[in-house]
Chemist: 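Have a look at the structure that comes next, please.
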Number of protein chains: 2
Amino acid sequence: MKAKIGDVAKSAGVSPTTVSRVLNDRGYISDKTREKVQKAMKELNYFPNDVARSLFKKRSNLIGIILPTTSNPFFGELTFHLENICNSLGYKVLLCNSLNQMDKEERYLEMLLRNQVDGIIVGTHNQGILDYHKQNLAIVAIDRYLSDTVPVVSSDNYEGGKIATELLITEGCKHVVLIDSVGELETPARLRRNAYVDIMLKNGKKPIIYEIPKIFDRQSQREVADIIFTEHPEVDGVFATNDLFAASFIAEAKKRGKDVPGQIKVVGYDGTETVQTLFPELTTIKQPINLMAKKAIDILDRQMEGEFNNLQLETSLPITLLRGSTT
Amino acid sequence: MKAKIGDVAKSAGVSPTTVSRVLNDRGYISDKTREKVQKAMKELNYFPNDVARSLFKKRSNLIGIILPTTSNPFFGELTFHLENICNSLGYKVLLCNSLNQMDKEERYLEMLLRNQVDGIIVGTHNQGILDYHKQNLAIVAIDRYLSDTVPVVSSDNYEGGKIATELLITEGCKHVVLIDSVGELETPARLRRNAYVDIMLKNGKKPIIYEIPKIFDRQSQREVADIIFTEHPEVDGVFATNDLFAASFIAEAKKRGKDVPGQIKVVGYDGTETVQTLFPELTTIKQPINLMAKKAIDILDRQMEGEFNNLQLETSLPITLLRGSTT
DNA sequence: CTGAAAGCGCTTACAG
DNA sequence: CTGAAAGCGCTTACAG
């Protein structure tokens with residue numbers, strides 16, 4: 001059976017209190033005692049039970065991450081960086097893939113709370129979360145507005161949308177279509193769309209917007225591309241707010257014998273490592289995923305240390321244009 | 001402050017024992033009492049503390065997942081499926097990205113143990129894990145041999161390697177090169193290489209094997225491609241044991257003006273959703289990720305229920321060939 | 001420098 | 001049908 005603190009104490013001939021002291025390097029202990037205890041711990045292959053510790057300390061060092069799905073390269077990479085940084089700080093990560101489903105999000109949220117997480121990183125639009133934030137639970141959102149009091153970290157979506165749209169227009173596109181996620185909510189990512197609309201209007205062009213209903217479904221992406229070709233055969237430029245949408249559109253274009261970038265130019269969004277490897281030709285707007293993760297955890301950590309005031313409520317990190325050969 | 005069971009008891013005018021009973025639906029309770037308690041829980045917005053529960057029950061319902069990195073599409077998708085299935089079964093997932101670094105793996109392992117996980121799913125080659133398995137910790141490996149007693153779930157790697165190599169030869173390739181991960185250990189995935197060697201020899205051809213030193217690094221992948229072109233300019237076929245390697249090789253080929261599949265044919269491996277979206281032209285061997293996840297958790301769950309005998313020690317799921325236009 | 005006692009928030013025999 | 005007591009494995013005042 002697993003050794004407990006009492007077993008170590010008995011074996012070392014001291015009290016559990018003393019064992020706890022050497023474990024936590026706390027208070028005075030004679031070198032001799034410390035050695036005895038350490039020897040006993042080795043022998044019994046003892047390591048502390050963090051569940052018991054958490055219960056007493058009212059601190060779990062657990063961080064919950066709720067996001068749509070790690071299957072998506074952006075979130076897969078974001079998850080890696082988040083977990084990696086958490087780990088280096090001594091935090092452990094409880095992962096939740098909500099698929100953007102409200103009901104799942106709510107159940108995940110309750111699960112995290114029951115498990116006494118010290119903080120939550122939210123990459124989905126969970127609104128129920130608001131209530132809990134007030135109960136001084138540390139929360140930070142990535143690319144989502146949750147409430148006036150929850151800090152949001154994102155990259156400069158407006159600038160990204162602006163650069164993408166302007167590039168297409170500069171390259172001579174007359175009919176630029178936007179392919180975006182279906183969106184009920186006002187999210188920072190929606191600024192990409194806003195920028196597209198602004199730039200189009202500024203150039204005297206009519207914005208044409210299509211939404212992917214099931215954003216993580218390849219089939220759904222292809223169908224929308226198909227509809228675009230039917231309804232707007234004149235399309236000669238596409239700004240997709242997500243690289244996967246861009247790739248699906250291009251696949252559909254090729255199927256129809258359309259040349260990219262000859263007849264249609266395409267710009268994507270995200271610029272993950274995965275996309276840069278699998279589809280390096282794609283012109284896209286790259287988000288600084290690692291920086292976003294760092295910043296999010298920085299803000300979360302501050303809250304977990306009790307600093308709920310003076311939090312930077314909105315952080316916008318710089319994006320970069322990756323020029324490929326699809327424009 | 002967070003309501004505790006005592007607060008609910010006081011508010012409902014009963015004992016904590018009774019509250020616990022309605023919480024767990026255990027023993028006899030009068031309907032009237034149950035209602036009183038439920039009303040009090042609602043009012044106080046009470047939900048149980050799972051840390052305290054775990055401590056008493058000696059069961060955390062926590063599952064640790066150790067894998068290289070969710071940044072990689074295969075592992076990103078695998079993680080999604082694993083977590084998703086765990087969630088549906090009432091388990092929670094503690095995520096660990098080890099980057100295949102031994103020291104990180106060992107630290108993660110100890111972390112998981114301290115946190116009293118009920119089971120561990122391992123997608124890396126952690127050897128230290130063996131010792132703990134004997135202490136009746138539930139463990140299942142994905143694509144890794146850990147020891148004679150740890151069940152392994154993988155897809156039919158030999159068959160995949162065979163199909164890929166045979167396809168290239170059938171298509172007329174004379175000089176087929178293998179691009180593989182650097183590999184110290186005997187893993188199921190290594191069977192892809194074994195199959196390649198067998199088929200090459202069977203066809204009277206000399207196997208030519210290159211290894212990517214830093215497998216998650218795009219730069220490293222490109223460098224190996226570069227070396228292949230220098231050392232084997234005659235190369236007209238490539239079997240890459242990973243789609244990212246394949247993509248990097250193709251990028252390097254294009255840079256040199258080589259036509260794929262005209263001058264060089266390429267087959268990858270994994271066939272994730274991400275690859276199918278971003279690089280649908282790639283011919284590749286698709287692993288049944290969802291099935292692998294299901295099977296792994298099935299085996300883990302059985303162990304967590306105390307069934308350590310009669311475990312299927314080796315599971316090999318069927319792969320499929322996805323024919324694209326790179327062959 | 002070290003230990004006995006109390007308690008973290010629950011659950012479960014055991015009584016009644 | 002309900003409650004008082006003990007205990008899960010730790011840690012931390014408080015004494016000495």
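In what follows, chains are A, B, ... by sequence order, proteins preceding strands, each numbered from 1.
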Chemist: Name the nucleic acid region contacted by Arg21(B), choosing base, sugar-phosphate or nothing; use a 4.0 angstrom heavy-atom cut-off, strictly under.
Modeler: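 Answer is base: heavy atoms of Arg21(B) come under 4.0 Å of a base.
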Chemist: Kindly write out the residues that satisfy side chain to side chain contact (heavy atoms under 4.5 Å, CB included) with Ser71(B), not counting sequence neighbours, or none if the list is empty.
Modeler: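 With sequence neighbours excluded, Ser71(B) shows a side chain to side chain contact (heavy atoms under 4.5 Å, CB included) to Glu77(A), Phe80(A), Thr69(B), given in chain and number order.
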Chemist: Would you mind listing every salt bridge (Lys or Arg N to Asp or Glu O under 4.0 Å) that reaches into residues 136-153 of chain B, with sequence neighbours excluded?
Modeler: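 Qualifying pairs: Asp143(B)-Arg192(B).
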Chemist: Let's see if you get this right: which residues in residues 52-59 of chain A place a heavy atom under 4.0 Å from DNA chain D?
Modeler: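 DNA chain D contact set from residues 52-59 of chain A: Ala52(A), Arg53(A), Phe56(A), Lys57(A).
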Chemist: Could you list the residues that satisfy side-chain hydrogen bond (donor to acceptor under 3.5 Å, both in side chains) with Asp301(A), not counting sequence neighbours?
Modeler: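 Checked Asp301(A) against side-chain hydrogen bond (donor to acceptor under 3.5 Å, both in side chains); matches are Tyr91(A).
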Chemist: Leu113(B) and Lys2(A): side chain to side chain contact (heavy atoms under 4.5 Å, CB included), yes or no, with the steps?
Modeler: CA-CA 10 Å; Leu113(B) 263 8; Lys2(A) 235 175 263 181; over 6 Å; no
Chemist: Dot-bracket for DNA chain C, please, read 5' to 3', with Watson-Crick or G-U wobble pairs under 3.5 Å on both distances, ( ) within the strand, [ ] crossing, | other strand, . unpaired.
Modeler: |||.||||||||.|||
Chemist: Could you tell me whether Asp50(A) contacts a base, only the sugar-phosphate backbone, or nothing, with contacts defined as non-hydrogen atoms closer than 4.0 Å?
Modeler: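 Touches nothing.
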Chemist: Could you list all the salt bridge (Lys or Arg N to Asp or Glu O under 4.0 Å) pairs where at least one residue sits in residues 289-298 of chain B, not counting sequence neighbours?
Modeler: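 Salt bridge (Lys or Arg N to Asp or Glu O under 4.0 Å) check on residues 289-298 of chain B returns Asp298(B)-Arg302(B).
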Chemist: Taking side chain to side chain contact (heavy atoms under 4.5 Å, CB included) as the test, write out the residues that go with Asp7(A), two or more places apart.
Modeler: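 Counting only residues at least two positions away or on another chain, Asp7(A) forms a side chain to side chain contact (heavy atoms under 4.5 Å, CB included) with Ala3(A), Lys4(A), Leu44(A).
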Chemist: Specify the closest pair of heavy atoms between Val140(A) and Ala296(A), including all atoms of both residues, with the distance to one decimal.
Modeler: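 Here Val140(A) and Ala296(A) meet closest at CG1-O, 3.6 Å.
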Chemist: By the 4.0 Å heavy-atom rule, please label Ser20(B) as base, sugar-phosphate, or nothing.
Modeler: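 It contacts base atoms.
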Chemist: Return the 5'-most residue of the pair Thr17(A), Lys4(A) with respect to DNA chain D, ranking by each residue's nearest nucleotide.
Modeler: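 That would be Lys4(A).
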Chemist: Any base atoms under 4.0 Å from Val51(A), or only sugar-phosphate, or nothing? Heavy atoms, all strands.
Modeler: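 No contact.
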Chemist: Please tabulate, one pair per line, all N/O donor-acceptor pairs under 3.5 Å involving side-chain atoms of residues 27-35 of chain A, not counting sequence neighbours.
Modeler:
{"from": "Ser30(A)", "atom 1": "OG", "to": "Thr33(A)", "atom 2": "N", "distance (Å)": "3.1"}
{"from": "Ser30(A)", "atom 1": "OG", "to": "Thr33(A)", "atom 2": "OG1", "distance (Å)": "2.7"}

Chemist: I'd like to check the side chain to side chain contact (heavy atoms under 4.5 Å, CB included) partners of Arg107(A); sequence neighbours left out, ordered by chain and number.
Modeler: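 Arg107(A) satisfies side chain to side chain contact (heavy atoms under 4.5 Å, CB included) with Asp103(A), Lys104(A) once adjacent residues are dropped.
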Chemist: Do any pairs count as a salt bridge (Lys or Arg N to Asp or Glu O under 4.0 Å) and have a residue in residues 37-56 of chain B, sequence neighbours left out, and if so which ones?
Modeler: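 Listed by first then second residue: Lys39(B)-Glu43(B), Asp50(B)-Arg53(B), Asp50(B)-Lys92(B).
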Chemist: First and last nucleotide of DNA chain C in contact with chain A, 5' to 3', at under 4.0 Å to a heavy atom: what are they?
Modeler: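 Taking any atom under 4.0 Å from a heavy atom of chain A, the span is dC1(C) to dG9(C).
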Chemist: Quick one: on DNA chain C, does Thr18(A) or Ile5(B) contact a more 5' nucleotide (nearest heavy atom)?
Modeler: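 Whichever sits nearer the 5' end wins; that is Thr18(A).
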Chemist: Not counting sequence neighbours, list each pair that qualifies as a side-chain hydrogen bond (donor to acceptor under 3.5 Å, both in side chains) and has a residue in residues 306-316 of chain B.
Modeler: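 side-chain hydrogen bond (donor to acceptor under 3.5 Å, both in side chains) check on residues 306-316 of chain B returns Tyr145(B)-Glu314(B).
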